[in-house]
Structures are given as structure tokens and as C-alpha cells.
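Data block below; observations after.
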Amino acid sequence: MDSQEINVVLHENRTFPPSKEFQDQAHIAGMDAYRELHKKSIEDPDTFWAEAADELHWFKKWDQVMDDSEKPFYKWFTGGKTNLCYNCVDRHLDGPNRNKAAIIWEGEPGDSRVLTYYDLHREICKFANGLKSLGIKKGDRVAIYLPMIPELAMALLACARIGAVHSVVFAGFSADSIKDRILDMDAKWVITGDGAWRRGKPLHLKPIVDEAIEGLNCVEKVVVVQRDDGDTFDCDMKEGRDVDYHELVKDQSKECPAEELDSEDMLFLLYTSGTTGKPKGIMHTQGGYMVYTYLTAKYIFDLKPEDVYFCTADIGWITGHSYLVYGPLANAATCVMYEGAPNYPDNGRFWAIVEKYGATIFYTAPTAIRAFMKWGDQWPESYDLSSLRLLGTVGEPINPEAWMWYHEKIGSEKCPIVDTWWQTETGGVMLTPLPGVTSTKPGSATLPFFGVDAAVVNEAGEEKQAGLLTIRKPWPAITRGVYGDPERFKDTYWCNWDGKYYFPGDGAKIDEDGYFWVLGRVDDVVNVSGHRIGTAELESVYVEHPTVAESAVVGIKHEIKGQGLASFVTLREGIEGSDELKKELDELVAKKIGKFAKPEKIIFTIDLPKTRSGKIMRRLLRDIAEGRALGNVTTLADPSIVESLKGQYSED
Ligand code: WTA
């Protein structure tokens, strides 16, 4: 772990206690109440989680709260029958929420749609009936490649309603990435769209899907949602395979009973990067994920009936799943969903949306906050942000300056900030302040949520001030594993401490108040603008190029993105590096993964620094790429490589 980073956080001692006003109305009545409830949730998790689950609808109550008979494959609420879609929608129809706005959607060009809970119910039922008419049933995997339009949220909920397993592929991924995921999950159905607006330009999605499934025998039907009337997004429809969404749902019944599903029935798969070249299909199930996202959303965002909650995450990532769709809707919240770029038509777009809809809660990522800072204070200053009462951040460690800027310029020094640490695999937030309860410190995700037994330990499992973050008890939304690869789940997350504790892959520090400071990944996963990218994925792309012999990719600090990528590429004998070749390699990464994975720099090298046993010394490469003094090179097979690389990198 980077000792510089530990020093920075050690010196951050500003604290921001919650205001009396916020405290008085918060769900949890202060720090003592938090500590007491947290203690109870750890000592007697069954009672704690049963009480939480009781706030939701079950067709049949569970027999057992947590079943650990097949550790580390924990199961929750076993024997219970429920339906997450029912809990997000139907549960709210009898009473004051029936005609409450569930989703306020704004398109990039400024068009908007409001769907009440009643509207949402009707649209989801029709969608679900349409999916059934295509032969989709419980347990079937459905790949979704849609932009941020309301039908994306509806597609998730429609699948959940009938027990089909959705797997959203973020609409920035390339055709090859979609193909790999479809093959891994063996999906017969794809739901996509003709296009979306991005920075004022039409983004055509359907041709990407066509390319992805060209020659794939498993895909039988493709449902295509039209973004607009008219012909902006016109696309080819393949006879017999492609189905127009509006045609599909037009004559469907507006009633579709929610399937009574087992708590442990699979809800979704979401692919995420790990330390190997192959993304993992992270599995989540109906019951545990539902209870956890419901309760975390309620307490962390302090959701109240009158809130207008604006989460800027794309539904293509876990934050969009848990805290734009499922968690807030299970709480009958009003969610603002936005299609496009934060800087279109100008840098004030998010603030215009906050002002227009009177958003009270705003949840975004540090990378976005750093971009806002760079764009200048005049943007937020030109809008009325007085409706905001709570701010949140997620995706990577937030640097204290960005935290302070968020606090002062967006929160007018009155809104608590919840810095939420979690991952695709945890399903929901694990470390976080509770607004109105926890005094915050800029850069710290503070304390564990209820039921979360977090610790910072060394390799031997002893508690330390700095080291590896670990979770010592299962929680309801813990992933049920890697799709089709149970061993990988064990090897990745349970490999240390005799398989007793969960290891998320992050390093952390704990301060004298017991606050957690997450310092970032300690494995070869890099967080670029909050998007997880496995360096091994890029490395295996490079070696596919005929000129490349070997490569090593490392994460480097980046002012806006948090982290960027630097690629060291060794070419085959007799091949010269050139700008043209760099361009070709960038194009290959865009084709195989997606444009967002493009590195900041490519450096051609004659060789890579390796230990005598042949392991690439990534730490050294990071040092070189970030221009730091070099660490220990005594174990290096050929120390001269480092000096030559260093010279090359600084010339570049
Ligand atoms: C990082 C995103 C510090 C962390 C929800 C984790 C954070 C990875 C924070 C998961 C935070 C997320 N502070 N680091 N508040 N939130 N991370 O799966 O390294 O896309 O392991 O889930 O993001 O990324 P993922």
C-alpha cells in the first residue's frame, strides 16, 4: 500500500458533526442509537434482519434467516417466497403512493417523462407479458444493452417480476464484450434500443448488438426499444429475430401477477472485472438483495416520502441497480433518472436538473465532483440548489479537497455527505456515515452499516491500523458467487484467513475513532472514473495484436478520473513502435472492451522488469509511470531495464 496515501489521510482531522436540524428528523436517533443497533445487528443478526425483512412483502415467510451450511455460499431467508418487483411497485399501489412519481426521467435533449407507481406497474406488467410471449420464463438469462431511458429500469423490473435473470451490459461496452457476456450467461434473449443521445449526438446501439450476436446460435430474439418517434435512430430489423418493443407490448394485458419466487432464486448477473482476463458474472438473488438494498437506501439516504432523489449512476453498473432502481423504489421514493452527459448543453446540466425537479438528495461519484470543480464554481452558483438536503458519493476514495468543494459549493455547508464504500459483490453499501448521526471526516467512509462486521487486518488476520479491509460476517446481499465458476468465488474472496472472512480486494486504514479510510484496490483492478477495469483484461487484448510479445498494464493517478491506465508493451523482435501502432492498439482496446478502457499512455519497451522467478514487477512500473523514486530493485532479474524504461517514460 502507498505510504504517502496513508500519511495524507492520517493528517486529515477536520470533522463535521451533523446539524441539529438534520439530527432531529433522521431515522436513527444519534450515535448511541447507531452503536446499540449495530451491536445488536452483529450479535443477533437473525433478529435484526428478520425485523428488516418484515417491513417488506412476503408471499410466504422464510424458514431460516441465514443458512451457512454451505459456507462461503451463504443463503438468506431460505424457504421464503417473495418478489422484488412486487415490493418495488405493487406494494405501493394501495395508498398515497399510487400516483406518486416513481421515476422522473429527463432525456439529454430536454424531453422528459414522469412515471407514477401506477404507470410503472402497468408498463412493467405489459413488458413482462411481452417477455413471456417470447418464451422467457423463470431462471432464463436475458441480456440487456440499453441506454438510460425509462425502459431500462422497466426491463429490470419486468424480468424480476417473472423471475427471469437480467444481466445488464453497460451501453459503453463494445460488441466483443457483449458477445463474451452473452456466451458466458448463455442468453437466448437480448433487450436493446435503437439509440440514445450523448453530448448532442445520436448514439446508435443496435448495430453494436447486431455485430455482437452475428453468428451466435444461442440468441433467438432481440427486443428493440425505440428511443424516439421519427427516423433519427433508424436501424435494421432482422426478420424473425428482432422484435419491436412497442409492437410487443401494445396489446398485452396490463395485469401480470408477480411470480412467487424463492428468496434464493437468482435475480441478476452483473459482470465485473477481476484480476484475470475474464470478467466475472456476479450473482445476486431475490430475497437477501431486496432486504439489504431496501434497508440501506432507507437509512443511508434518510428517505422520506417527500424526497426527490437524484442518482447520476448508469444502470449499467451496480450503483444504478441498487440505488437508482431497487433500493429507492422499494422505499417508494421519487427517483430522477437522466439520460445524457453532465456537460451537455453546458457544464451546469446536473444543477439545472436539481433546480428543475427540486432534488433533495444527490448521489454521484468523485470523478464527477472533480470534473465539476475543474469546470468552475460559476456553474453551481447559477442555479438554485437550496432544495438539496443530503449528498452522497460512491465508486472510489474521495480526495479531501473534492469532499470540501462538494460540501461547500453543492451542499452550502449544510448537507451531510454520505461517502459510501461498497462493491458489485456486496450488493449494497457496507461502510458509510448515517446522515444526522455520524460526524463525517473528508475522505472517510466512516463506519460499518448494520450487520457489517468490518475490520482492517494483516495477512495473518490480526487487526491493524492499516492493511487489508475484510468483512467477518455474511450479510444478506453478499454475492451468491461467480456464475458458472464456484471455485473462482472461493479463490477470489475467501482465499485468506482460512476462508473465514470475506476479502473485497481493498486496502484500508482505521483511525483512532474507529473510522475506516478506504485506500483503494490492492489487487490488479483499477478504478477508472469509478469503472472497474482489470489490467489483465487489457493485457490479454494487447497480446492478441500480431506485433505484441508481452504487456503489463498498471493504474496511475489521474486528476479527474481518479486513476488512469498506463500500458507497457513489448513488441516482437524487429518491430518498431510508432504513433500509428499506438492508435491501432487503442482501437483494439475500444473494439474488445470499450472506449472507456483506453489507457492514458502506451509505452513501448524492450523488456519488462521481472523478478528472478519471472513475475512482472507492477509496483515498479507504477513508480516509473508516476515518476516516483524507484523502490527496491534488488530482486530484479535485469536492473538496467528499469533505468531504460524510466528514461523512455519521461521522454514520452
Ligand atoms: C471502490 C461500485 C473508496 C473500491 C459501488 C471497491 C470505493 C470498488 C468507494 C468497487 C468509496 C467504491 N471509497 N473506494 N466510497 N466505493 N470504491 O464493483 O475499490 O464498481 O472495491 O462497485 O470501488 O467497484 P464496483
Side-chain angles (χ1 to χ4, degrees), residues 1-2 5 8-9 12 168 170 172-173 268-275 279-284 292-293 296-297 300 311-324 326-327 363-369 391-400 402-403 406 417-433 438 440-449 452 454 456 468-471 477-479 482 492-493 502-509 515-534 555 561-563 596-597:
M1 194 171 311
D2 188 337
E5 272 165 316
V8 171
V9 297
E12 179 53 70
V168 184
F170 168 61
F173 275 111
F268 68 82
L269 277 174
L270 189 59
Y271 284 82
T272 190
S273 293
T275 51
K280 302 174 277 204
I282 297 297
M283 299 191 281
H284 284 289
Y292 198 76
T293 50
T296 46
I300 298 165
C311 169
T312 68
D314 193 294
I315 295 174
W317 307 104
I318 190 70
T319 304
H321 281 57
S322 302
Y323 299 111
L324 180 50
Y326 291 122
Y363 191 35
T364 197
T367 181
I369 299 170
L391 305 175
T393 126
V394 57
E396 50 169 313
I398 181 163
N399 34 319
W403 194 101
Y406 200 30
I417 296 179
V418 288
D419 174 357
T420 60
W421 174 86
W422 58 295
Q423 336 175 268
T424 306
E425 296 86 337
T426 69
V429 174
M430 304 292 284
L431 300 175
T432 179
T438 319
T440 49
K441 302 185 190 183
S444 170
T446 73
L447 297 166
F449 187 71
V452 175
V456 173
L468 306 170
L469 180 60
T470 180
I471 315 291
I478 183 173
T479 174
V482 178
T492 311
Y493 307 99
Y502 174 84
F503 177 50
D506 280 308
K509 172 200 167 277
Y515 277 31
F516 288 80
W517 299 76
V518 178
L519 302 172
R521 307 282 313 190
V522 294
D523 55 11
D524 295 322
V525 175
V526 181
N527 236 316
V528 178
S529 303
H531 300 163
R532 264 167 73 165
I533 298 176
K561 298 179 179 176
Q563 278 188 296
F596 65 92

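Both counts, for ligands and for their atoms, begin at 1 and track the order of listing.
For atom 9 (C) of ligand 1, the candidate residues are Q563, H321, E396; the nearest heavy-atom contact is made by E396. Residue W422 holds the heavy atom nearest to atom 5 (C) of ligand 1 of all those in F516, W422, W517, Y323. Closest heavy-atom approach to atom 1 (C) of ligand 1 within the set V522, T319, D419, N527: this belongs to N527.
Residue G395 places at least one N or O, backbone or side chain, under 3.5 Å from an N or O of ligand 1.
Contacts with ligand 1 closer than 4.0 Å are made by no heavy atom of V525, backbone or side chain. Contact annotation for R532 and ligand 1: only side-chain heavy atoms (C-beta onward) come within less than 4.0 Å of the ligand. For I398, no heavy-atom contact with ligand 1 is shorter than 4.0 Å. At a heavy-atom distance under 4.0 Å, no atom of A445 approaches ligand 1.
Every atom of ligand 1 with a heavy atom of I318 under 4.0 Å away is listed here by number and element: 2 (C), 5 (C), 22 (O).
By the 6.0 Å and 45° rule, K441 stacks over the aromatic ring of Y515.
Classified by interplanar angle (parallel below 30°, tilted 30° to 60°, perpendicular above 60°), the ring pair Y292/F449 is perpendicular.
Given atom 18 (O) of ligand 1, the protein heavy atom at minimum distance is T424 OG1, 2.6 Å. Counting protein heavy atoms only, atom 3 (C) of ligand 1 is closest to P397 N, 3.1 Å.
In this structure, Y502 and Q423 approach most closely via the heavy-atom pair OH-OE1, 2.7 Å.
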